[in-house]
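Worksheet for the structure shown next.
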Amino acid sequence: MKQKILLTYVESGFGHISSMDSIYDALIDRYSDVYDIQKSFILTEDGFPNLVRMNKFLIKQVQNTNKIPYFGRLIFPIIALLGGHKLLRFFHRQMAHKSFKQGLEALKLRKPNIIISNHYFTDLLAVEYKRRIDPDVVVINYNPDPTLHTFWDRRDGIFIVDNPLAYAKAEKYKFKKENLRLVTPCVRKCVENNALTREQLRDKFGLPQDKFTVVIADGGYMLGRGPKFAKSLIKSGLPITLCVIAGNNKKKYDYFRAIEQGTGRLKVSSGMTFRTYEFLENAYELYGAADVFLTKGGPNAVLDSIYMHTPVMINYCPHVIEAGTVKVFIGMHGCGETVYRRSKSIKRIRAFLKDKSALMQYEENIDKLIADGNGISAVADIVDEEAQKQRLVYEARGIVIGSDDDDGAHLLTDAADGVNDGDVDIDIKITEDKDSPKVEGDILR
């Protein structure tokens with residue numbers, strides 16, 4: 001039978017979902033006839049109670065980093081100081097052990113030959129699955145962030161980064177050199193393949209053609225500074241089109257929707273066109289309709305905007321990951337600018353209304369970055385290369401890969417049921433007890 005490639009999805013900010021989608025797209029496009037490629041929201045699909053609670057916990061921490069001042073800026077260095085991945089390994093294996101065991105059970109149910117992750121927790125599960133259950137499984141991690149934090153388990157697995165800053169951090173944190181891979185940034189095919197012009201996209205969303213257009217988004221939860229910046233721009237009365245994407249934050253959506261309908265406390269000036277939106281699957285198209293995208297430093301939204309040829313204005317970086325977005329996309333590539341004060345954003349947009357030369361330079365820089373190519377093909381080829389190595393190991397044992405007969409399927413299933421080092425009970429009892437809160441294709445090897 002075909003080797004099974006399992007892509008493990010985690011909602012820890014929507015960038016983790018979109019970056020995994022980009023890898024899935026590339027694998028399906030290039031290797032769907034070679035491998036059994038499956039994606040799974042591994043923490044929620046089986047309904048394992050403690051694993052579902054862990055998923056909610058992870059989402060809550062992402063939200064906290066955006067809405068609680070200094071939470072994100074403190075939590076990353078504190079965890080690093082206390083041991084980084086070793087501390088988190090202890091937490092998940094000892095204090096939150098029920099969700100950890102249920103995570104291993106979820107993987108065991110799927111019997112993958114290759115596990116792809118892009119989050120520290122699913123990375124930990126994959127590494128422990130290899131150590132405890134199937135020593136032949138291949139672990140591949142894609143870091144979706146422009147920099148690197150200390151949460152990642154570096155004991156095993158191929159580790160892919162998409163820029164030199166993250167690569168240098170991986171070397172600093174002593175990742176095994178032979179496991180490191182460097183590709184260009186990865187973006188979904190639907191974004192890369194967009195063929196609509198800015199004018200066509202404005203028509204699609206019913207936006208005026210003749211107005212300078214600003215789109216504001218704040219991640220999927222809109223818990224950063226976006227609402228405050230939107231209110232200030234509304235009060236400014238600038239003759240622009242202002243679009244606000246409230247994401248899954250219904251309270252914020254209702255607030256701005258009332259303003260749009262004229263029933264809110266804030267009133268939109270006659271010269272301004274104002275629109276508000278809930279979560280959009282095609283938000284990248286709205287970015288492409290804009291002259292500038294005003295957002296926090298979420299790397300995947302910024303990358304989507306860049307691939308839509310729209311310069312970015314970054315107004316908030318709640319932690320080290322998003323600070324890395326500024327270093328890479330603003331500092332290194334010059335794809336936009338920072339506006340950490342509301343008054344500065346109004347000043348800069350007012351300046352753009354008179355002179356777009358700075359925006360034109362940003363767009364030229366964006367074209368140079370995009371010319372380096374989408375990294376998803378390189379990631380897919382890395383996965384294929386590691387799968388071929390695994391195939392040789394199987395075939396040396398007489399396991400035929402690529403055969404559709406039952407014998408081949410039985411042998412691969414046996415391989416996935418392999419070794420248990422005694423550190424965990426593989427026949428995991430699922431309980432409902434709460435956890436104790438105690439340049440495309442260029443690869444550097």
Side-chain angles (χ1 to χ4, degrees), residues 7-22 40-45 50-80 82 84-85 87-88 91-92 95-96 99-100 103 117-125 141-153 166 216-228 245-253 278-281 283 295-304 314-326 435 437:
L7 295 91
T8 55
Y9 281 64
V10 178
E11 181 191 329
S12 182
F14 287 89
H16 284 273
I17 296 174
S18 60
S19 62
M20 192 63 88
D21 277 342
S22 71
S40 170
F41 281 84
I42 195 76
L43 306 189
T44 58
E45 278 184 356
N50 294 91
L51 200 55
V52 170
R53 291 191 186 100
M54 177 55 66
N55 183 68
K56 292 179 180 177
F57 172 79
L58 294 173
I59 292 172
K60 187 65 176 178
Q61 302 322 301
V62 173
Q63 294 174 343
N64 286 341
T65 61
N66 287 283
K67 70 180 181 180
I68 301 176
Y70 302 107
F71 178 84
R73 291 188 176 275
L74 290 174
I75 197 67
F76 283 91
I78 287 173
I79 289 178
L82 295 177
H85 68 98
L87 173 67
L88 291 173
F91 168 76
H92 287 292
M95 299 177 69
S99 59
F100 172 74
S117 69
N118 70 346
H119 186 272
Y120 88 87
F121 180 53
T122 48
D123 171 33
L124 171 63
L125 290 177
N141 301 296
Y142 172 71
N143 174 44
D145 305 321
T147 187
L148 191 64
H149 54 66
T150 61
F151 296 9
W152 292 94
D153 193 321
I216 296 181
D218 229 2
Y221 314 115
M222 203 174 200
L223 294 172
R225 295 179 180 172
K228 292 182 178 179
I245 305 176
N248 288 329
N249 193 325
K250 189 176 187 306
K251 182 178 179 180
K252 291 292 192 297
Y253 172 75
E278 295 180 283
F279 182 83
L280 293 174
E281 291 287 351
T295 185
K296 70 186 187 74
N300 284 280
V302 169
L303 187 61
D304 279 356
I314 295 178
N315 64 0
Y316 183 42
C317 296
H319 49 69
V320 63
I321 294 172
E322 299 195 4
T325 302
V326 172
D435 287 319

Practice prompt. Taking the six-membered ring for Trp and the single ring otherwise, decide whether the centroids of Y253 and F279 are under 6.0 Å apart.
Written response: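 No; F279 has its ring centre 6.0 Å or more from that of Y253.
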Discussion item. I want to know whether F151 and H149 have ring centres closer than 6.0 Å.
Written reply: yes
Give me the atom names and distance for the closest heavy-atom approach of [X] to [Y].
X	Y	answer
S99	N50	CB-O, 3.4 Å
K252	A246	C-CB, 4.2 Å
D153	D123	N-OD2, 3.1 Å
T147	I321	CG2-CA, 3.7 Å
A323	C317	N-CB, 3.8 Å

Point-to-point distance, once rounded to the nearest 0.5 Å, from [atom1] of [X] to [atom2] of [Y]:
X	Y	atom1	atom2	answer
H119	Y142	NE2	OH	15.0 Å
F41	I17	CZ	CD1	4.5 Å
L125	L43	CG	CG	7.5 Å
I68	L74	CD1	CG	11.0 Å
L280	I245	CG	CD1	5.0 Å
Q61	N64	CD	CG	5.0 Å

Fill in: salt bridge (charged side-chain N to carboxylate O under 4.0 Å, His left out) partners of D145, counting only residues at least two apart
none
Worksheet item: Does K67 have any salt bridge (charged side-chain N to carboxylate O under 4.0 Å, His left out) partners at least two apart in sequence or in another chain, and if so, which?
Response: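 K67 satisfies salt bridge (charged side-chain N to carboxylate O under 4.0 Å, His left out) with no other residue.
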Main-chain N/O of [Y] paired with [X] side-chain donor or acceptor, under 3.5 Å:
X	Y	result
T325	G297	yes
N55	L51	no
N300	D304	no

Discussion item. I'd like to check H85 versus Y120 (side-chain heavy atoms, cut-off strictly below 4.5 Å). Are they in contact?
Written reply: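 No, every pair of side-chain atoms sits at 4.5 Å or beyond.
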Worksheet item: Side chains of L7 and S40: does their closest heavy-atom pair fall under 4.5 Å?
Response: no
Discussion item. For a side chain to side chain contact (heavy atoms under 4.5 Å, CB included) check, start with the C-alpha distance between M54 and F57, then their side-chain angles and the critical distance, and finish with the verdict.
Written reply: CA-CA 5 Å; M54 177 55 66; F57 172 79; 3.8 Å; yes
Discussion item. Can a side-chain donor-acceptor contact be found between Y9 and D21 if the only test is distance below 3.5 angstrom?
Written reply: yes
Worksheet item: Is a side-chain donor-acceptor pair under 3.5 Å present for N118 with S19?
Response: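 Distance-only check passes for S19 and N118.
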Considering only distance and modelled atom types, tabulate donor-acceptor pairs under 3.5 Å from the side chains of residues 216-228, sequence neighbours left out.
{"residue": "D218", "atom": "OD2", "partner": "G224", "partner atom": "N", "Å": "3.0"}
{"residue": "D218", "atom": "OD2", "partner": "R225", "partner atom": "N", "Å": "3.2"}
{"residue": "D218", "atom": "OD2", "partner": "G226", "partner atom": "N", "Å": "2.7"}
{"residue": "Y221", "atom": "OH", "partner": "E11", "partner atom": "OE2", "Å": "2.9"}
{"residue": "R225", "atom": "NH1", "partner": "N315", "partner atom": "O", "Å": "3.2"}
{"residue": "R225", "atom": "NH1", "partner": "Y340", "partner atom": "O", "Å": "3.3"}

